Amino acid sequence: MSEEKNNAVEQLKKKLLFTNEHADEILSEQDKRGADEFCEGYKDFLDTAKTEREAAREILRLAEENGYTPFVKGSSYRPGDKISFSIHGKAVILTVFGKHPLADGVRIAAAHIDSPRLDLKPNPLYEDSDIAYFKTHYYGGIRKYQWPTVPLALHGVVCKKDGSKIYVKIGEEPGEPKFVISDLLPHLGAKQGQRKLAEGILGEELNIIIGSRRFKDCPSDAVKLAIMDLLYEQYGFTEKDFQSAELEAVPAYSADDIGFDRSMIGAYGQDDRVCAYPAVMASIDAEIPEYTCLSVLTDKEEIGSEGNTGLESRYLAQFIEDLAQGENTDVNDVLRNSLCLSADVNAAYDPTFSDVFEKRNTAQINHGVVITKYTGARGKSGTNDAPAEFMAWVRAVLENGNVLWQTGELGKVDEGGGGTVAKFISHLGVQTVDLGVPVLSMHAPYEITAKYDIYMAYRAFCEFFKN
Ligand code: MN
Ligand code: MN
């Protein structure tokens with residue numbers, strides 16, 4: 001083939017065929033540096049906010065520091081005003097008022113701040129053979145075998161009958177003790193090794209070791225008493241107070257760079273703080289947007305968005321209704337004209353386990369933010385399937401803003417499935433599509449993401465808020 005003909009073919013290919021580009025080939029030097037800088041703040045956020053309550057508190061702190069004021073119902077707000085709204089301390093809505101009236105619709109970026117973890121049972125404390133333990137009940141979709149022999153920290157609240165609240169966070173600071181679940185030694189693990197992987201460790205085997213010294217001269221429950229004695233001295237609560245507590249065991253390690261090139265981040269709870277943090281920062285960095293912009297940081301996504309702090313509840317609609325009332329606007333008009341990026345992660349292609357993925361339709365790390373048209377299982381059951389018109393609108397916004405993006409689907413057809421908050425927001429009448437960061441080892445105690453993709457998520461929310 002002549003060189004001329006070759007060039008013509010190359011040009012036609014470029015015009016007609018699609019290539020899923022790697023960030024290193026596409027991003028400007030400024031964006032590459034931006035990604036590394038942005039992720040320093042992200043790692044701090046991950047270390048500060050490991051539970052939904054801590055994330056809500058940290059987001060409210062960041063908001064206050066950046067000029068947001070708590071929402072006051074009945075107030076009138078002007079373009080550029082920034083307000084925060086807390087939903088029982090476990091979910092947050094940040095709002096930046098735009099130039100257009102609310103009746104023209106709002107822009108919503110919705111991420112979740114809860115992550116899979118081990119919750120303590122209401123009566124968690126017991127001792128067996130002079131070892132004290134906490135019984136746990138796992139929260140969200142975990143692979144149970146991954147949790148033994150991982151250093152754990154304990155986070156949460158103990159609410160006392162008198163209305164007082166004790167915050168607990170132990171196992172994170174240098175020098176603080178950690179906790180751990182034991183596993184069998186290989187020498188005696190032959191029988192356990194015959195179990196199916198899903199049953200390698202059972203739910204009732206996820207018992208956390210918390211102590212082993214006795215209270216002297218105590219005829220029974222001596223280790224248990226010694227532990228309660230310590231807890232009472234340090235925090236002032238008794239065993240009965242566990243019944244009105246929410247204590248969550250999470251991996252005790254910090255967020256770190258992964259790889260010789262420091263291109264990735266390894267950390268607990270990146271699903272979905274890897275989208276929450278960019279959505280918060282995009283709100284903070286929004287100046288006077290065209291349309292009012294909401295960043296919704298929600299709880300309970302990992303257990304199906306249930307409860308009054310999850311998005312299946314009416315808290316978002318109620319909040320928008322309150323805003324609409326302030327402008328004497330019908331909330332239905334606001335919702336019908338609104339657009340939402342449901343900001344959640346998707347599975348990244350893992351070459352080690354290639355057989356569950358369909359490579360052409362799976363997101364890859366370092367190929368940018370991933371748009372997921374539909375989630376669900378089997379024949380798209382239980383999904384918001386975003387309309388093509390809205391896909392085209394989002395595509396245009398991202399491409400005009402030089403945001404690197406890709407499509408993604410959660411594995412092969414009929415291989416498994418999943419869901420996000422997208423369907424709950426689209427139920428309100430809002431045009432919604434999933435957009436987020438691809439993750440390796442999703443839901444593991446240590447998840448992996450790529451810095452370029454995280455920064456592209458931030459840039460995507462910034463562009464969304466500008467349009
Ligand atoms: Mn998620
Ligand atoms: Mn998840």
Side-chain angles (χ1 to χ4, degrees), residues 20-50 55 58-59 62 109-113 115 254-259 261-286 295 297 301 341-350 362-372 394 397-398 401-408 420 434-444 446-465:
N20 186 10
E21 303 277 10
H22 190 284
D24 270 315
E25 309 293 342
I26 294 289
L27 295 196
S28 65
E29 286 309 310
Q30 194 188 345
D31 272 344
K32 288 180 186 176
R33 272 197 310 277
D36 290 343
E37 281 163 25
F38 185 80
C39 287
E40 292 304 304
Y42 171 53
K43 284 184 284 179
D44 290 342
F45 178 75
L46 285 172
D47 290 343
T48 312
K50 283 196 177 177
E58 178 63 5
I59 291 162
L62 285 167
H112 65 94
I113 50 177
S115 297
S254 59
D256 283 298
D257 291 345
I258 297 286
D261 57 6
R262 297 178 174 268
S263 59
M264 296 163 281
I265 289 177
Y268 162 72
Q270 297 204 69
D271 172 9
D272 185 33
R273 269 154 259 183
V274 74
C275 297
Y277 181 74
V280 168
M281 295 316 287
S283 177
I284 286 172
D285 294 341
S295 288
L297 299 314
E301 193 280 338
L341 295 181
S342 161
D344 210 341
V345 300
N346 199 341
Y349 182 78
D350 187 336
T362 301
Q364 282 182 267
I365 61 163
N366 286 315
H367 285 249
V369 70
V370 51
I371 300 185
T372 305
V394 174
V397 165
L398 298 186
N402 293 317
V403 178
L404 181 64
W405 72 282
Q406 56 184 325
T407 60
T420 66
D434 278 297
L435 176 146
V437 174
V439 180
L440 288 166
S441 309
M442 191 202 293
H443 281 210
Y446 200 68
E447 302 172 304
I448 305 157
T449 56
K451 291 180 179 177
Y452 289 155
D453 302 332
I454 299 167
Y455 190 58
M456 286 297 112
Y458 162 73
R459 294 258 291 98
F461 300 132
C462 291
E463 292 300 319
F464 176 59
F465 285 167

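Because the structure is a prediction, the values reported are computed rather than measured.
Between the CG atom of Asp36 and the OH atom of Tyr455 there is a distance of 10.5 Å, given to the nearest 0.5 Å. The structure places CD1 of Ile265 at 4.0 Å from SG of Cys39, a figure rounded to the nearest 0.5 Å. With values rounded to the nearest 0.5 angstrom, Ser295 atom OG is found 11.0 Å from Met281 atom CE. Taking CG from Asn402 and CD1 from Ile26, the interatomic distance works out to 9.5 Å, rounded to the nearest 0.5 Å. Here the CG-CE distance, from Asn366 to Met264, works out to 7.5 Å after rounding to the nearest 0.5 Å. Going from atom CD1 of Ile113 over to atom CD of Glu58 covers 11.0 Å, rounded to the nearest 0.5 Å.
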Checklist entry - What's the verdict on side-chain contact (heavy atoms from CB on, under 4.5 Å) for Met456 and Val437, showing C-alpha distance, side-chain angles and the deciding distance? => result CA-CA 8 Å; Met456 286 297 112; Val437 174; over 6 Å; no
Item to check | Leu404 and Asp31: CA distance, side-chain angles, deciding distance, side-chain contact (heavy atoms from CB on, under 4.5 Å) verdict | outcome: CA-CA 10 Å; Leu404 181 64; Asp31 272 344; over 6 Å; no
Checklist entry - Would Ile448 and Ile365 count as a side-chain contact (heavy atoms from CB on, under 4.5 Å) if you check the C-alpha gap in whole Å, the side-chain angles of each, and the deciding distance to 0.1 Å? => result CA-CA 9 Å; Ile448 305 157; Ile365 61 163; 5.8 Å; no
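In this structure Glu40 satisfies the salt bridge (charged side-chain N to carboxylate O under 4.0 Å, His left out) test together with Lys43, sequence neighbours excluded. Every residue was checked against the salt bridge (charged side-chain N to carboxylate O under 4.0 Å, His left out) condition with Asp261, not counting sequence neighbours, and none meets it.
Remark: side-chain polar atoms of Asp344 are not paired, donor with acceptor, to backbone N or O of Gly436 under 3.5 angstrom. Here the side chain of Asp453 pairs no donor or acceptor atom with the backbone of Val369 at under 3.5 angstrom.
Summarising the geometry of Tyr268 relative to Lys50, their closest heavy-atom pair is CE2-O, 3.6 Å, with the distance given to 0.1 Å. When all heavy atoms of Ile258 and Gly266 are compared, the pair lying nearest together is CG1-N, 3.3 Å. The two residues Phe461 and Ala343 come nearest to each other via the heavy atoms CZ-CB, 3.4 Å. The two residues Gly368 and Pro438 come nearest to each other via the heavy atoms O-CD, 3.8 Å. The shortest non-hydrogen separation linking Ile59 to Phe45 is CG1-CE1, 3.9 Å. Taking every heavy atom of both residues into account, Ser342 and Thr420 meet most closely at OG-OG1, 3.6 Å.
Glu447 is not listed as a side-chain neighbour of Ser115, based on a closest heavy-atom distance of 4.5 Å or more. In this structure the side chain of Asp256 reaches within 4.5 angstrom of the side chain of Tyr446, judged on heavy atoms. Side-chain contact check for Asp434 versus Asn346: every heavy-atom pair is 4.5 Å or farther apart. Considering only heavy atoms from C-beta on, Leu341 comes within 4.5 Å of Val394 through its side chain. Contact annotation: the side chain of His367 approaches that of His22 to within less than 4.5 Å [non-hydrogen atoms, C-beta and beyond].
The residues Arg459 and Glu463 are annotated as salt-bridged, a charged nitrogen and a carboxylate oxygen being separated by less than 4.0 angstrom.
The list of salt bridge (Lys or Arg N to Asp or Glu O under 4.0 Å) pairs with a residue in residues 262-273, not counting sequence neighbours, reads Asp257-Arg262.
Ring geometry, Tyr42 versus Tyr277: the interplanar angle falls from 30° to 60°, so the pair is classed tilted.
Inspection of the Gln270 and Thr449 side chains reveals an N or O donor paired with an N or O acceptor under 3.5 Å.
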